[in-house]
Amino acid sequence: MAAALKAAWTFRQFILSSIRHELIARFARSRLGSLWMVIQPLSQVLIYALILSAVLSAKLPGLEGPFAYAIYLTAGMLGWSLFMEVTTRSLGVFIDNGNLIKKMAFPRLVLPLIVVGSSLINNIILFIAAMGVFTALGHIASATVLWLPLLTVITLGFALGTGLILGILNVFLRDIGQLMPILLQFLFWFTPVVYPAHIVPDAVHAVLVLNPLYHLVTAYQNVLAFGEPPALTGLAVVAAIATGLLILARALYQRAKPELVDAL
C-alpha cells in the first residue's frame, strides 16, 4: 500500500493532467459544458419525484412540505450516483486504457485514481447543484452536512474496491462487463433510494440492511434531508468492508499483473 501511494505521488502530474484532459474532452464543443454533469441525475430525480411524490411524500416522518420526497430523493441520489460512477468506470478501467497500458510504463493502479478524481469532481458539482435545489425548495441543510466528507470517503472506498475487483476479473472474463449493468439495476432497487426503508415489510427490511449501500444511502439522507447524524455502527461496518475490498483488489491485481497486458 505504501508503494502504491508513493507511485501515485510520483505520477501526480500525470493523474492531474489526465483528469483535466478527460473533463475537457467530455465537454468539447458543448454549449452547456459541465452542466451536463448534473442534468442527468437531477432529471432522473425529477422523473421519480413527479411519478412517486404524491404516493410517498406523506410517508416521510421528520420531513414535511410538498417537496419532501424530492429532497429525500436528491439526498439519496447524491450517494448512489457517486457509487455508480466509480464502480462502472472502474469496471472497464483496464480495458478502456489497454492501448495506453501497452505503450507506456507506469503503475497501472494510477488509472483508478484518475477515475476517483474525475468522479469526485462530478459529485462535488452535483452536491453544489443539490444545495441550490434545496435552497430553492425552502430546505436549508443543517450542520450535519459536515458528515458528508466522511460519507464520501467511505463511498469512494467501497465503490473503488468493488469496481477494481470486477475490473480485473473483467479483463479475463468479459461477460462480467455485460452482466454488471443488469446487477446494478437490481442493486438500485434493493437500496432505499427512491423509497423510504421503513415502508417495506419487516422481513424485507431485515434483508435490506445486509446491503452495504443501504447504510451509505440512508446516511446521506439523514445528513442532507433529515438533519440527523448518520448511524455510526452501520458506517463502521461499511468502512471495514471497503478496506477489505481494497486490500483484496490490490492482492488480486498483483496476482493478475503478469498476464494482464497479454489479456488486453
Any sub-3.5 Å donor-acceptor pair from His139's side-chain atoms to Leu224's backbone N or O?
yes
Classify the side-chain pair Thr191/Asn211 by whether it contains a donor and acceptor separated by less than 3.5 Å.
yes
Check whether any side-chain N or O of Thr74 sits under 3.5 Å from a backbone N or O of Ala70 as a donor-acceptor pair, and report yes or no.
yes
Nearest atoms (heavy-atom pairs only) where Ile19 meets Gly117:
CD1-CA, 3.7 Å
Give the C-alpha distance, both sets of side-chain angles, the deciding distance and a yes or no for side-chain contact (heavy atoms from CB on, under 4.5 Å) between Thr152 and Ile124.
CA-CA 10 Å; Thr152 301; Ile124 290 173; over 6 Å; no
Sub-3.5 Å donor-acceptor pair from the side chain of Tyr214 to the main-chain atoms of Gly234, do we have one?
no
Report the C-alpha distance between Leu156 and Phe83 in whole Å, list the side-chain angles of each, state the deciding distance to 0.1 Å, and finish with yes or no for side-chain contact (heavy atoms from CB on, under 4.5 Å).
CA-CA 7 Å; Leu156 285 173; Phe83 166 79; over 6 Å; no
Okay, side chain of Asn170, backbone of Leu91: is any donor-acceptor separation there less than 3.5 Å?
yes
Which of parallel (below 30°), tilted (30 to 60°) and perpendicular (above 60°) describes Tyr253 and Phe94?
parallel
Given 3.5 Å as the limit, does a donor-acceptor pair link the side chain of Tyr69 with the main chain of Val194, or not?
yes
Determine, step by step, whether Gln221 and Thr218 satisfy the side-chain contact (heavy atoms from CB on, under 4.5 Å) criterion, reporting the C-alpha distance in whole Å, the side-chain angles of both residues, the deciding distance to 0.1 Å, and the verdict.
CA-CA 5 Å; Gln221 291 161 344; Thr218 54; 3.9 Å; yes
Is the backbone of Val223 close enough, under 3.5 Å, to the side chain of Thr144 for a donor and an acceptor to pair up by distance?
yes
What's the verdict on side-chain contact (heavy atoms from CB on, under 4.5 Å) for Phe158 and Val86, showing C-alpha distance, side-chain angles and the deciding distance?
CA-CA 9 Å; Phe158 180 70; Val86 173; over 6 Å; no
Sidechain-backbone polar pair: Thr162 side chain, Ala159 backbone, donor-acceptor under 3.5 Å
no
Side chains of Thr155 and Tyr220: closer than 4.5 Å at any heavy-atom pair?
yes
So if you build clusters from Ile, Leu, Val, Met, Phe, Trp, Tyr with side-chain heavy-atom gaps below 4.5 Å, do Val115 and Leu16 land together?
no
Tyr72 side chain to Val193 backbone, donor-acceptor under 3.5 Å
no
Within the distance-only criterion (no hydrogens, no angle test), does the side chain of Ser119 pair as donor or acceptor with the backbone N or O of Val116 below 3.5 angstrom?
no
